[in-house]
Amino acid sequence: KGHYHRAGYTVHLGVDFNVPAGFRVALPTNAILFHSEKDRDFHGGWGGKLIFRAESGIFFVIGHLKDIVIETGKS
């Protein structure tokens with residue numbers, strides 16, 4: 001799909017996957033939910049955003065979410 005960045009803008013800090021609403025997403029390791037919020041739409045933005053912190057100290061960000069439903073204790 002298109003993007004909302006201005007022409008010539010090359011910085012993007014993640015990988016976007018376009019998946020259907022309701023698609024299940026899992027982290028590659030155990031982590032705790034560090035932060036969650038729904039950003040306002042700034043002609044793009046994060047939308048629903050979850051930030052997880054793994055035991056190793058690595059952070060995982062899952063963004064552009066329409067709805068946020070968290071299931072714990074599932075594998």
Side-chain angles (χ1 to χ4, degrees):
K1 293 186 175 188
H3 59 81
Y4 53 90
H5 295 297
R6 66 185 180 278
Y9 189 83
T10 58
V11 175
H12 187 267
L13 302 176
V15 177
D16 291 340
F17 296 95
N18 291 311
V19 298
F23 192 86
R24 292 177 59 107
V25 177
L27 297 175
T29 188
N30 290 331
I32 61 165
L33 181 60
F34 182 78
H35 180 78
S36 68
E37 71 178 325
K38 181 155 179 135
D39 285 348
R40 293 184 8 222
D41 183 4
F42 295 106
H43 303 290
W46 285 92
K49 174 174 58 177
L50 302 172
I51 302 175
F52 295 88
R53 183 174 185 193
E55 294 173 359
S56 64
I58 294 173
F59 288 87
F60 294 93
V61 180
I62 300 176
H64 307 303
L65 303 171
K66 179 178 177 185
D67 297 307
I68 299 172
V69 176
I70 301 170
E71 293 183 29
T72 60
K74 302 270 181 166
S75 59

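Since the structure is predicted, the reported quantities are computational estimates derived from the model, not experimental observations. Starting from 1, each residue takes its place in the sequence as its number.
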Should we say atom CZ of Phe59 is surrounded by more than 12 heavy atoms from elsewhere, each under 6.0 Å from it?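 Yes, because the 6.0 Å sphere around CZ of Phe59 holds more than 12 heavy atoms from other groups.
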
Here the gap from Lys49 atom NZ to His35 atom NE2, rounded to the nearest 0.5 Å, amounts to 5.5 Å

Between Phe52 and the options Leu33, Ile58, Asn30, the side-chain contact (heavy atoms from CB on, under 4.5 Å) test singles out Leu33

